[in-house]
Amino acid sequence: MKVYQTNEIRNIALIGGAKSGKTTLAEAMAFEGGVVSRRGTIDDKNTISDYREIELDRKNSVVASMLYAEKDGKKINIIDCPGMADYAGEMVSALSVVEAAVMVVNAQAGAEAGTDLAWRYAKKGDVPMMFVINQLDGEKANFEDALKELKESYSESIVVCQYPVSVGAGFDAVVDLVLNKMLKFPKGGGKFEVVDIPAEEKDRADNYRSLLVEASAAGADDLMEKYFETEDLTIDEMRRGIKLSMASRGMFPVLCAVGKEAQGVARLLEFVNNNVVSPEEGKGRNTTDGKHIAVKATDPFSAFIFKTSYEQHLGEMSYLKIITGEVTEGMDVINSVNGSKERISQMFAVAGKNRAKVEKAVAGDIIATIKLKDVKTNQTLTSPKNTDIVFEKTSFPEPIFTTAIKAVNSSDDEKLGTLLNAMHASDPTLLVGYSRELKQLILQGMGEFHINTVKWYLNNLHKLEIELFAPKIPYRETITKSVEDMYRHKKQSGGAGQFGEVHMLIEPYFEGMSNQTKYPVRDTATHDLPWGGKLVFNWCIVGGAIDKRFDPAIMKGIMEKMEEGPLTGSYARDIVVNVFDGKMHDVDSNEMAFKLAGRNAFRQGFKNAGPKILEPIYDVEVMVPADRMGDVMTDLQGRRAVVMGMDSEGSFQIIKAKVPLAEMNRYSTSLSSITSGRGSYSMKFAEYTQVPTDVQTALLKAYEAEQKDDE
């Protein structure tokens, strides 16, 4: 393969809804770009982009696929991103390394859930973007309605560069406002015919073109001056204006296509070449120490690993964007994050399931390599000369769906953990960890479908049977009033016995409270608990009722019960313990006796001190279409939510609420059902508050039943 220079490279991501036709369009782009000689289809399960077993089984994209096309001496790197919200991490990683996004819109459906999501992530990443209205041959296709909805939902800066002469089964031509010509497309792709705009289309074309010329002129001062003088621009001037306006997100051009017939695709590739900035004209990348690194081929080598995947017969594959310099096969590099020395043994230009070996690649290009020893997503490779460069990590969305997971056969527990950690390496939005508190293996993802994808991999590829179930809630236990209690531990078993008696006063702890108690404090220790809250331990023994040497043993017994609270086995917090009296035996008293006495005195006193269960409350922000606001509010109220406020963003409403974690199980699924997939939400821990009395009663009964089952 030719070694493309930085100014000959374009990097784009195909984003949009799950049924917008991105994969079919990507296939057509690879075909028109000479990478494949025959176009595959999703129905025939032979596209180069969706080639993984799970994608063939489900007929939708699960993983972002790298492709490329070669057009007019340039290489266009294309990342085909899944459209479902559950795989948003794939899109986020792609958007972090491209100079433009191509939003694919179904002409029959208009803006969809995936369109909303993709728009928000592209906006957040400040990524230039263009629209392709696809499937214009559909019987329900409506270009004008789709365009109107896009403008109303996203931006008035969405500007038509092409419009269809007709839609539906007879679609075969568009008016191209940059070329100021009509383009006629043969079915199946190939060279399009350029003809004059028909007289009956002249007025419509002039109206659209005047808007495009004005938007293009806004890209540069000299173009605006020319526009004021002549009210027109040449083709080259328009291209320069579109490129500059796109790069600043001042314009979002609209083109037309029918991906399944490759109609409009060759012109789309031309448009990308002419109007999307090259990597050296793009934004480059920032480093962790605040420096900005421009994409430049003459500087020492550096590259950013934006994605890793496991490929059959090849093993782990690392995808990297070269930021500076060049890389050659056999080159030694450094992982500047962890210092590991690596060798680039093989490099590939990836076109889905097809891979072409390359011997050299330069700044701006996106390639893949294999057999790196210790390199993960979000890490940096450099030449030994510039190991001080560490690029900023891509910020992935936080998981919103949590489940507990275990192997059906306990002998597979270790294998399950290994596989889940490997999946996390490929997909950073998938988090896994063992909760010591809940005594469960916890799996977090972007939605129920995301988690079910993990289950599919484990069942079908690794032949591992697993169970998924609702995770326990990390409740906390505390007290609301002061109480005194005591416990005598006495045991005789022949020979030396055990004896320890402890009297204690337990009180609620609150910030700013005085250390003055009913009993004089001889010694005090405040413990910041790992799970939040405090335990204050006061030694109030006067005289020798209990030796001070038994202080640690009593404390240990109390802490054991703090770690497994008396009510539900949850962590206890915010308690003051005052040990004020007791008894000991010259022979039979020992540390074990006082540990048990302290533990049981605390347990008894806790239950009599107005015990309360605290539950975790989360700040939840829900973004919903305005017409579904009422239904979402009703659902939240049923989840014991307290609405704190509202806001708006475009055609969406934002609900801000505090919601108990116990009520958020499977909320992503419910929200998707209520809003037809267009709603989204985020959640962040806020505080612990007391559960209502009826909820506490139910929790106590459930815990008692669980304890009986374990006996």
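Everything numeric in this text was worked out from a predicted model, so none of it was measured.
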For a side chain to side chain donor-acceptor pair (under 3.5 Å) check, start with the C-alpha distance between Ser61 and Thr23, then their side-chain angles and the critical distance, and finish with the verdict.
CA-CA 8 Å; Ser61 300; Thr23 295; 3.0 Å; yes

Test of understanding: with ring-ring contact (aromatic ring centres under 6.0 Å, His included), list the residues that count as partners of [X], not counting sequence neighbours.
{"X": "Tyr154", "result": "Trp119"}
{"X": "Tyr667", "result": "Tyr681"}
{"X": "Phe652", "result": "none"}

Qualifying residues under side-chain hydrogen bond (donor to acceptor under 3.5 Å, both in side chains), relative to [X], sequence neighbours excluded:
{"X": "Asp427", "value": "Thr429, His450"}
{"X": "Asn286", "value": "His292"}
{"X": "Lys283", "value": "Asp126"}
{"X": "Thr403", "value": "none"}

Sort and list the pairs that fulfil salt bridge (charged side-chain N to carboxylate O under 4.0 Å, His left out) and have at least one residue in [range], not counting sequence neighbours.
{"range": "residues 396-407", "answer": "none"}
{"range": "residues 447-464", "answer": "Glu448-Arg666"}
{"range": "residues 24-34", "answer": "none"}
{"range": "residues 79-96", "answer": "Glu90-Lys307"}

Residues in salt bridge (charged side-chain N to carboxylate O under 4.0 Å, His left out) with Glu329, at least two apart?
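So Glu329 forms a salt bridge (charged side-chain N to carboxylate O under 4.0 Å, His left out) with Lys357.
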
May I ask you to check whether over 12 heavy atoms, not counting those of Lys2, lie within 6.0 Å of atom NZ?
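Yes, because the 6.0 Å sphere around NZ of Lys2 holds more than 12 heavy atoms from other groups.
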
